[in-house]
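Beneath this line is the structure, given in structure tokens, with notes to follow.
This structure is a prediction, so every number in the text was calculated from the model and none was measured. Numbered from 1 within each chain, the chains take letters A, B, ... in sequence-line order.
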Number of protein chains: 2
Amino acid sequence: MAMNQTLKAISDPVRRQILELLKAKSYSAGEIAGQFDLSQATVSYHLKLLKQASLISEHKQKNFIYYELNASVFEEVLTWIYGLGIGGNDHDKAHH
Amino acid sequence: MAMNQTLKAISDPVRRQILELLKAKSYSAGEIAGQFDLSQATVSYHLKLLKQASLISEHKQKNFIYYELNASVFEEVLTWIYGLGIGGNDHDKAHH
DNA sequence: TAACTATTTAGATAATTTTCTAAATTGTTC
DNA sequence: GAACAATTTAGAAAATTATCTAAATAGTTA
């Protein structure tokens, strides 16, 4: 179930862009929304889904809510992909 | 664009199950459909999406169409995930 | 405490995705 | 070539997801 949520979360391009943004540093909800041509409420909805999937976490400061990336959740996805037997070359299969 | 299609494709549990099934060996469309409590047409639809994402390929034999897994497509996804900076431990980051 | 700021929640609509049944296609066999 | 078998395509309905505007929350500051 957890993986389904993770994969659903990253299947949307807006949400992937949010993750990419947070790769550098944490941003407030407003700052994140500012990057998109979408309403604040819509971005808030995407943040909620990412949060539910544990791909991001939040911490409040003043009256801002800052979001940060939590990429460790991808472990399960990687295990699944490697389990399928990657056809590629560059990635280190040995450990999987 | 390619990655979006890949991630959309694997965001559905039925399609992931199809990939898992094909991990062992190739199966005909009918054999695949037999694994699910869904109509043949619905499974055919899922196979089409997987095919469009190049996650599977087909080869005809008699009047069967056999499908096989093509996991090499995951390369791009893995690169993206590693680019995000995996928080885990077990996976070999060095190459990414 | 009143006004303000940042963000979320509610409720509605639009868009996309999944599913079904029925019909069409493609290839096989008698 | 007619009947059959495996699969896909078409078209419609159901379910889910993404989006918006307006209202509600919660925390801050004057």
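Under the 6.0 Å distance and 45° angle rule, K25(A) counts as a cation-pi partner of Y27(A).
Put simply, NZ on K48(B) is 11 Å from P on dT18(C), counting in whole angstrom units. Remark: P of dA15(D) and CG of L38(B) are 14 Å apart, rounded to the nearest angstrom.
Nearest-nucleotide positions on DNA chain D place F64(B) closer to the 5' end than the other of Q61(A) and F64(B).
OP1 or OP2 of dC20(D) has at least one side-chain nitrogen or oxygen of S39(A) nearer than 4.0 Å. Between S28(B) and dT7(D) there is a side-chain N or O to OP1 or OP2 distance below 4.0 Å. Taking 4.0 angstrom as the limit, Y67(B) places a side-chain polar atom (N or O) nearer than this to OP1 or OP2 of dT8(D). Of the side-chain N and O atoms in T42(B), one or more sit less than 4.0 angstrom from OP1 or OP2 of dC20(C). Considering only side-chain N and O atoms, H46(A) lies nowhere under 4.0 angstrom from the phosphate OP1 or OP2 of dT17(D).
Within 4.0 Å of L49(B), counting heavy atoms only, lie sugar-phosphate atoms of the nucleic acid but no base atom. A29(A) comes within 4.0 angstrom of the backbone, heavy atoms only, and of no base. Within 4.0 Å of K60(B), counting heavy atoms only, lies no atom of the nucleic acid at all.
Between S26(A) and Y67(A), the closest side-chain pair of non-hydrogen atoms is not below 4.5 Å. Contact annotation: the side chain of Q61(B) approaches that of H59(B) to within less than 4.5 Å [non-hydrogen atoms, C-beta and beyond].
For dT28(D), its base never sits under 3.5 Å from the side chain of N63(A) at any donor and acceptor pair.
Ring geometry for F74(B) against W80(A) counts as perpendicular: the plane angle is over 60°, on a 0 to 90° scale with 30° as the lower cut.
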